[in-house]
Amino acid sequence: MAEERRMVTVGGKGSSLSSSSVFDIANGLSRLSIDSSALSKVSSSSNSKTSKTNAPTVSASFSILSNLTPDEARASLVVLLNKLLLSSSTSAAVNQLSDIILKDVSSSSNLQISFDDTIDGVSPGDFSVAAIAGISAILDHQSSALSVITDAIAALSCEALGSDISAFNLNDSGDGSSAKDAVSVASDLKILLNGSKFVNREGDEPAVSGVPVVHGKFREISRLLHSSTRVQLNSAIVSNSGSSGTASSMCTTLFSLAVALKDLGNISYNRAKHIVDSRIAGDDEFPAMLIKECPRPDQLKALFASLVSAHSDEEYVKFSHDVSSLLVMVEQIISWEALAAFLSLEGRDFITSGDTSVGEDSAKTAGKKGAKKKKILGKGTTALVQFLKDRLLSMPIQTEASQTVMVLENLVRNFLSLLDPKDLGFDTLLKKVKDIVESNESRRLPKLPKVENHAVLSLFHSFFQFFFFERKVGYFSAASGTRDFAKEQMAIRERAFSIITEVFKRHGAAALDTPAFEMRETLMGKYGEDSKLIYDLADQGGELCSLRYDLTVPFARYVAMNGLTSFKRYQIAKVYRRDNPSKGRYREFYQCDFDIAGQFEKMMPDFEVIKILTELLDELDIGEYEVKLNHRKLLDGMLAICGVPQEKFRTICSSIDKLDKQSFEQIKKEMVDEKGLSNEISDRIGTFVKWRGPPVELLSKLKQERSFLENNESSLALDELEIMFKALEKSKCIDRVVFDLSLARGLDYYTGVIFEAVFKGAAQVGSIAAGGRYDNLIGMFGTRQVPSVGISLGIERVFAIMEQLQKDKNQEIRATETQVLVSILGDDSALAAELVGELWHAKVKAEFMIHKKVMKHIDRARDSRIPWMVLVGERELSEGVVKLKDVVAAIDYEVPRGKLVDDLCKRLGM
């Protein structure tokens, strides 16, 4: 049964065309659909225009498409249709185009149109712009993919040639003088080649040392093309007089792409030729096949000359087509380079032998005569070569020794199909290469985002978008996920922060601050299903950055960057999540984190962070709470005992983690219908996740379960929990802890103890703190693993509880800590400055007020709940005294002017 093609809708509210969508429609990988509301709007607009004017309409001939390939022609018509819908053009033109596109079912044949036909309501200039935009979309899609694939192929060639790769040791200076894309390409190549014993065996090869610059320039131009194409695909038709300028502007970017493609093709051909000449020249069939079928530099030069001529003659549609042809030619060259490198590294024995191993000794008996030497490729290229071998061996191929040439031809055909962007398997290959690079297998050190001039503007722009658009319902509305805080609320927050900081310092932690935004690659892949909540900053052509999701991952990045092996730190800062705002759930909020990184006595750091959590919540005096606790290894053991496949552990944990918000029946439905578990396995899980109770009692019960003791993971977890529970008992805080097997914590980085504090009072705010052990997170960023455990206090929910408690007790909240109001009864501002200056010098918290009416001063002191006043009028001045007033007791005292500060400090207990 044929795979159902994806539907791409145009014309609908909020819908937009992407280059990938245009490419898929043009190549029959997706179907086009037109939103019915858009058709109605076009029809209505058309009737209105017809009733107002009888002027003749412009028309364009389909002959514009006559020299284009079928996919280019389809892309042109799709873009033109979208532009007409955006322009509310005549329904006749829209209907004519939609009939052609929707009836076109074959992606390999020509469109069923006559080039002599015309389309009314569209000028030739508009049609040309749509054609250029359609071809640009195909170029954009293919260039984006090629910029990834070509780096991976170049890495294979480096190993095939044994090249010196010292040219890849590039660093970004951060001052704008280095080519960022060249540095990025070099970094990706080092990831692919990390650990390889095949490189640095030969001298410098220009086709290798030039890779960062040539590939980096191609990557840069591809990104520019993407930005300009995205705009053109979703813009309405401009006036006919403006179409010429639009076409010229678009083709300027395409010209830069053509130059980059020519350079990319030449350097790729040189690597392929060098591999054939120096590594597999003894094989007569392949070199001959390469010379015969691989496009040559002179063909590249001829095609480039043709497109230069077309551009000079302002034949922009033909020019765009030639650029597309050039890209196809370069793709073919890179595919032949890939095949040459592959054959050089692996030979062809794997076809007849069925050997699928890469980087290992495949001989059955190591050390025997004739046994193959162990191939040690790079970590990334090993995975890539294994992937290619697996795919090739899954394809039909003849393997009789007498048909060597036919075998090679089949191999070439199958291999080249893997690198064809139109082949269904190409996306799998592309994803594999991206996964290899993004998996950070080289353990390269992370880095901080740079902020250059253009980046500063980009970041301010992104923050403006975040704060304005996310808060558009009102600057004082919590429904948007962000809030303003009045002075009374700030007083509560400052008191809470003071308590929290004091507890953290009591345990020997040092303060740390990290940027509000991180490199996107630093944050991705750390939060499981919650990664979708990360706020990405707008891509302005610089580094890809995101607002921090929590404080733990930035802490891990900091430890790795600075090569630390132990660190006890605290941090109080804002984090950002693209969550659905609700009561107690915000998009911008503070977290208060405490973490211990390093090797210490077994389970003692885990004990300490839980002890800190109980101290925090007790001293904040919020009322009843409980700390739910579990162990990730115990959870994994439980899932294994229940029969859950290991590859589904994390996704099932994410489901279990919702049990505090949903019933088990709802969770079971998700696990069965969406995640593929059987009813029997789900029911077994349901039995265990209901177990909760006092830590020591439930631990004893679990230790009597044979299945838990026989499972290595759960047995280890039970031993660790026993150590920690004894410590919690001795520190007299175990009564706050509940052992709960339903606690899962959805974040991917947890490896040991996990815990969560839940408020038990009337206010329904959910979890107020959480944390756990994450022994492998820091190792994702650096060269060594540093075991760590930490806690994060969800302070916003704690604030909500504290504010509600204040209201319930009818307690007024002082917004300031002012101790004294200096009241000048008159207009002598110099006297006010003199008196309040003396008090400030003595570290007294004081304010001043100048007004002739004494009751204005008293009202101000009462409203602000200032306990003392210093009143000075004409009488006090003449007698050399000041009047002290106890506002609460309403008692006045006269004090000599010279003794004001000493007397007041004594009364304030200073």
Drop me the distance from [X]'s [atom1] to [Y]'s [atom2], to the nearest 0.5 angstrom.
{"X": "Q142", "Y": "S147", "atom1": "CD", "atom2": "OG", "value": "12.0 Å"}
{"X": "T229", "Y": "L139", "atom1": "OG1", "atom2": "CG", "value": "8.0 Å"}
{"X": "I267", "Y": "F218", "atom1": "CD1", "atom2": "CZ", "value": "13.0 Å"}
{"X": "M329", "Y": "Q299", "atom1": "CE", "atom2": "CD", "value": "5.5 Å"}
{"X": "L307", "Y": "S324", "atom1": "CG", "atom2": "OG", "value": "11.5 Å"}
{"X": "L326", "Y": "L254", "atom1": "CG", "atom2": "CG", "value": "11.0 Å"}

Are the side chains of [X] and [Y] in touch, meaning some heavy atoms are under 4.5 Å apart?
{"X": "E346", "Y": "V385", "result": "yes"}
{"X": "L327", "Y": "I138", "result": "no"}
{"X": "L639", "Y": "C653", "result": "yes"}
{"X": "V22", "Y": "H141", "result": "no"}
{"X": "S268", "Y": "T150", "result": "no"}
{"X": "Y549", "Y": "E518", "result": "no"}
{"X": "L564", "Y": "V786", "result": "no"}
{"X": "D181", "Y": "K217", "result": "no"}

Provide the closest heavy-atom pair for [X] versus [Y] in the form atom of the first, atom of the second, distance.
{"X": "S546", "Y": "D536", "result": "OG-OD1, 2.6 Å"}
{"X": "A152", "Y": "V433", "result": "CB-CG1, 3.8 Å"}
{"X": "A207", "Y": "R271", "result": "O-NH1, 2.9 Å"}
{"X": "V208", "Y": "F168", "result": "O-CE2, 3.6 Å"}
{"X": "F198", "Y": "I376", "result": "CD1-O, 3.5 Å"}
{"X": "I778", "Y": "A597", "result": "CD1-CB, 4.3 Å"}

Could you pull out all donor-acceptor pairs under 3.5 Å where a side-chain atom in residues 153-162 meets a protein atom, sequence neighbours excluded?
residue, atom, partner, partner atom, Å
S157, OG, I153, O, 3.3
S157, OG, E337, OE2, 2.5
E159, OE1, T381, OG1, 2.8
E159, OE2, S196, OG, 2.6
E159, OE2, G378, N, 2.8
E159, OE2, T381, OG1, 3.2

Just by modelled atom types, is the [Y] backbone N or O under 3.5 Å from a matching donor or acceptor in the [X] side chain?
{"X": "N27", "Y": "L29", "value": "no"}
{"X": "N270", "Y": "N266", "value": "yes"}
{"X": "K648", "Y": "K675", "value": "yes"}
{"X": "S187", "Y": "V183", "value": "no"}
{"X": "S143", "Y": "D140", "value": "no"}
{"X": "R548", "Y": "T514", "value": "yes"}

Under the side chain to side chain donor-acceptor pair (under 3.5 Å) rule, collect the residues that match up with D775, sequence neighbours excluded.
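Per chain and number, D775 pairs via side chain to side chain donor-acceptor pair (under 3.5 Å) with R773.
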With side-chain contact (heavy atoms from CB on, under 4.5 Å) as the test, would you mind laying out the steps for I334 and L264 before giving the verdict?
CA-CA 9 Å; I334 291 171; L264 189 68; 4.0 Å; yes
Could you give me the CA-CA distance, side-chain angles and deciding distance for L224 and I221, then say whether side-chain contact (heavy atoms from CB on, under 4.5 Å) is met?
CA-CA 5 Å; L224 291 174; I221 300 302; 4.2 Å; yes
Test side-chain contact (heavy atoms from CB on, under 4.5 Å) applied to Q785 and N776, step by step:
CA-CA 6 Å; Q785 296 288 4; N776 301 327; 4.1 Å; yes
Using the ring of each side chain (for Trp, its six-membered ring), is F555 parallel, tilted or perpendicular to Y774, with breaks at 30° and 60°?
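Geometry flag for Y774 against F555: perpendicular rings.
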Does atom [atom1] of [X] have more than 12 heavy-atom neighbours, drawn from other residues, nucleotides or ligands, at distances under 6.0 Å?
{"X": "N200", "atom1": "CG", "value": "yes"}
{"X": "K262", "atom1": "NZ", "value": "yes"}
{"X": "E647", "atom1": "CD", "value": "yes"}

Looking at R223 and E220, does any basic side-chain N land under 4.0 Å from a carboxylate oxygen?
no
Where do S163 and V199 land on the side-chain contact (heavy atoms from CB on, under 4.5 Å) test, with the steps shown first?
CA-CA 5 Å; S163 301; V199 294; 5.9 Å; no
